[in-house]
Protein chains: 2
Amino acid sequence: MAISLRAMEYFTTALRHENIAKAAAELNIAASAVSAAIDQVETAFDLTLITRQRSRGIQANASGRLVAQKFERLLEDYRSVLSEGADLKAALSGTLRVGYYAPIAPAFLPSILSSFVPADGKVLLHLEECDNDSAQDGLMKGTYDVILFVSEDVRPTIDFDVLIEAPAYCLLPGSHPLAAQSSVTMAQIAMQPLVVLNRPVAADYYQGLFDTHSKDVTIAAYANSTEMVRSLVGAGHGCAVLNMQPLTSLSYCGAEVVGLPISDPLPALTLSIGYDKSRPRRLVQHFVDACRAHFAQAGPQRCLVEGP
Amino acid sequence: MAISLRAMEYFTTALRHENIAKAAAELNIAASAVSAAIDQVETAFDLTLITRQRSRGIQANASGRLVAQKFERLLEDYRSVLSEGADLKAALSGTLRVGYYAPIAPAFLPSILSSFVPADGKVLLHLEECDNDSAQDGLMKGTYDVILFVSEDVRPTIDFDVLIEAPAYCLLPGSHPLAAQSSVTMAQIAMQPLVVLNRPVAADYYQGLFDTHSKDVTIAAYANSTEMVRSLVGAGHGCAVLNMQPLTSLSYCGAEVVGLPISDPLPALTLSIGYDKSRPRRLVQHFVDACRAHFAQAGPQRCLVEGP
DNA sequence: ATTCATACCTCGGAAAATCAGATTTATTTA
DNA sequence: TAAATAAATCTGATTTTCCGAGGTATGAAT
């Protein structure tokens with residue numbers, strides 16, 4: 001007792017034409033298939049719905065027409081579900097869930113998003129700041145559509161594109177003697193008290209930098225938010241090594257900070273964008289494209305500190 | 001780009017359990033089938049809807065949940081269409097379209113119908129008086145669900161049950177000399193002026209009666225409605241031979257009429273009920289049963305003239 | 001009455017879809 | 001490291017579906 005969608009389709013077209021052969025022609029199938037479909041429906045309901053009159057086509061009785069009506073509605077629903085599913089991929093609408101491990105994302109995400117998100121309110125954004133691992137977890141589990149993360153520490157199964165290589169730079173109080181220079185060396189930095197950004201991947205990365213260049217450094221503070229680091233630096237607690245910078249030289253505490261390139265050759269952090277490359281939704285693909293365009297053009301000038 | 005209902009079913013149950021094996025168990029199928037169904041859906045939409053994590057089951061992303069929701073709704077609609085179709089057969093509701101070739105049907109149909117039609121207004125009756133041929137045509141074409149007709153002239157493809165053998169009787173004016181007898185002979189009738197019911201099957205039948213019993217008869221009038229015949233008889237234009245009689249001895253014109261059995265052995269007319277025996281709707285079957293019950297018990301006393 | 005065209009029905013074989021079961025692979029847990 | 005779990009994959013069997021070639025009933029035209 002089940003009726004396939006195919007049988008419904010055949011049944012309704014046959015009934016629309018009141019003629020099995022014509023229906024078969026429209027459907028590009030054999031007439032016998034249409035006849036079989038009608039049998040299927042009648043058997044399933046155990047009802048006579050159509051009277052077949054040789055050389056006269058077929059004719060539905062009242063029940064048949066009623067059933068056909070219901071079928072038509074169901075088929076319509078079916079098609080709309082399919083096309084809505086296709087829209088899910090095609091449409092620039094729906095929900096875009098971004099997980100990012102990029103503390104200065106507020107510096108660039110808004111402008112990127114506004115470059116392609118239509119103003120009609122059909123797109124709902126979910127922006128979630130998280131650490132590198134949970135970003136990747138979320139992407140794999142489908143919690144995020146796309147993630148911005150540091151690909152130095154990437155799972156093998158994750159598809160991603162590199163957005164930008166972010167070299168380390170030194171952040172100094174505006175009033176600091178070194179701030180007058182055009183660049184600094186690791187040796188110079190190592191002599192200052194340091195404010196260290198203490199976040200999963202970054203902490204190890206910065207640790208590595210100092211381990212290779214100078215053994216003895218004075219840590220003045222650890223902070224797990226970029227803005228806290230900037231404000232500590234601005235207040236003169238020390239200097240810091242960071243990789244990306246916002247578009248303002250004022251910290252939250254109102255003090256000026258200065259970013260200077262580091263003349264030593266240092267490994268960079270790689271900001272990457274991860275997403276399902278095999279079948280991205282159009283909304284996701286647009287976002288990815290916008291990010292890549294942004295960093296290809298304006299990136300270096302806006303979020304990085306130029307090298308020497 | 002098509003998704004079978006089966007695939008939808010598998011997809012949604014897999015998602016409900018967040019586990020392919022459990023879904024397969026619930027559906028009583030192999031896990032591979034569920035996995036294949038998910039692939040089918042994802043391929044159709046060219047979207048990743050579910051992330052599969054070995055030893056952790058599966059998890060849908062937002063699009064997957066959305067799609068599943070739409071699927072669920074569609075499946076629900078599907079099931080309701082099926083069950084509504086089943087109701088079409090099972091329920092004592094819907095439309096009952098009766099075609100009848102039985103001029104005195106008003107004498108018995110109402111009481112038969114009221115014996116099983118529920119009072120909740122869920123049954124719509126279409127009662128259509130027609131001739132014997134168009135009744136059978138209508139049944140074959142599905143215009144009527146059931147017909148009351150004379151099976152002396154029946155198409156080979158029509159299923160029917162005999163309701164009653166209706167012997168011919170003689171209708172006389174209440175004031176007629178013969179009305180005092182308990183029965184009459186064809187010879188007596190043949191000497192009277194006759195009012196003949198002139199309808200498709202009946203006309204031939206009555207012609208045959210007189211052809212075999214007496215050559216010379218005087219036709220006073222032909223009329224193609226039973227009530228006109230009765231009123232003509234009541235008004236003294238002649239007498240008539242009929243097969244069934246209403247429950248009143250008064251004609252429309254107010255004159256009394258009397259029905260007397262005919263002592264000669266005559267072929268009877270067979271009132272039968274025709275319908276789709278192979279898969280009758282419940283409503284139709286009830287009607288048929290009610291008709292058979294009615295004529296099995298009360299028939300002879302109510303609509304016929306008892307034989308001698 | 002005969003012939004012809006139309007349109008449905010039946011039946012066999014072929015193609016496709018679907019399924020189950022065994023095997024393989026990946027992950028978590030002990 | 002081993003065991004347990006769960007998904008992926010592969011293969012052969014089964015079922016469904018389809019087509020095409022007759023066959024047959026009906027109505028119209030000659």
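Naming convention: chains lettered A, B, ... in sequence-line order (proteins, then strands); numbering from 1 in each chain. All values below come from the heavy atoms of this structure, side chains included, with hydrogens, waters and symmetry mates left out.
At dC9(C), one or more side-chain N or O atoms of Arg52(A) fall inside 4.0 Å of OP1 or OP2 (strictly under the cut-off). Between dT18(C) and Tyr10(B), no contact under 4.0 Å exists linking OP1 or OP2 to a side-chain N or O. Dashed line: the shortest gap from a side-chain N or O of Arg6(A) to OP1 or OP2 of dC18(D) is under 4.0 Å. Between Gln40(B) and dT18(C), a side-chain N or O to OP1/OP2 separation shorter than 4.0 Å is present. When the side-chain nitrogen and oxygen atoms of Asn19(A) are compared with OP1 and OP2 of dC8(C), one or more of them lie within a distance under 4.0 Å.
Between Phe160(A) and Phe149(A), the ring planes lie perpendicular to each other; the angle is over 60°, past the 30° to 60° tilted range. Ring-plane geometry between Phe71(A) and Phe45(A) is classed as tilted, the angle between the planes lying from 30 to 60 degrees on a 0 to 90 degree scale.
Here dC8(C) presents its P atom at 10 Å from CD1 of Ile50(A), a figure rounded to the nearest Å. Computed from coordinates, the Ile20(A) CD1 to dC9(C) P distance equals 5 Å when rounded to whole Å. One interatomic measurement links the two molecules: NZ of Lys22(B) to P of dA6(D), which rounds to 6 Å at whole-angstrom precision. Straight-line distance from the NZ atom of Lys141(A) to the C1' atom of dA7(D): 16 Å, rounded to whole Å. In this structure, CD1 of Ile29(B) is placed 10 Å from C1' of dA20(C), rounded to the nearest angstrom. Per the geometry, CD belonging to Glu18(B) stands 13 Å off P belonging to dA6(D), to the nearest Å. Between the CD1 atom of Ile38(A) and the P atom of dC8(C) there is a distance of 8 Å, rounded to whole Å. Remark: C1' of dA26(C) and CZ of Arg155(A) are 15 Å apart, rounded to the nearest angstrom.
Toward the 5' end of DNA chain D, the nearer of the two residues Ser35(B) and Ala31(A), judged by each one's closest nucleotide, is Ser35(B). With the nearest nucleotide of DNA chain C identified for both Asn28(B) and Thr157(A), Asn28(B) has the one nearer the 5' end. Remark on DNA chain D: of its neighbouring residues Gly57(B) and Ser32(A), the 5'-side contact belongs to Gly57(B), judged by nearest-heavy-atom nucleotide.
Here the side chain of Ala30(B) is nearest to one of dA20(C), dT18(C), dT17(D), namely dA20(C).
For the pair Asp87(B) and Arg281(B), the salt-bridge criterion is not met [side-chain N within less than 4.0 Å of a carboxylate O]. Between Arg79(B) and Glu9(B) there is a salt bridge, since at least one side-chain N of the basic residue sits less than 4.0 Å from a carboxylate O of the acidic one.
Between the side chains of Asp77(B) and Tyr78(A), no donor-acceptor pair is found at a separation under 3.5 Å. Residues Tyr144(B) and Glu128(B) have side chains that bring a donor and an acceptor to within less than 3.5 angstrom of each other.
Axis angle, first five pairs versus last five pairs of the helix from dA1(C)-dT30(D) to dA30(C)-dT1(D): 20°, rounded to 10°.
In this structure, Asp39(B) reaches neither bases nor backbone, as no heavy-atom distance under 4.0 Å exists between it and the strands shown.
Listed for the Ser35(B) side chain is no donor-acceptor partner under 3.5 Å among the backbone atoms of Ala31(B).
Other residues, nucleotides and ligands contribute only 12 or fewer heavy atoms inside 6.0 Å of the CZ atom of Arg292(A).
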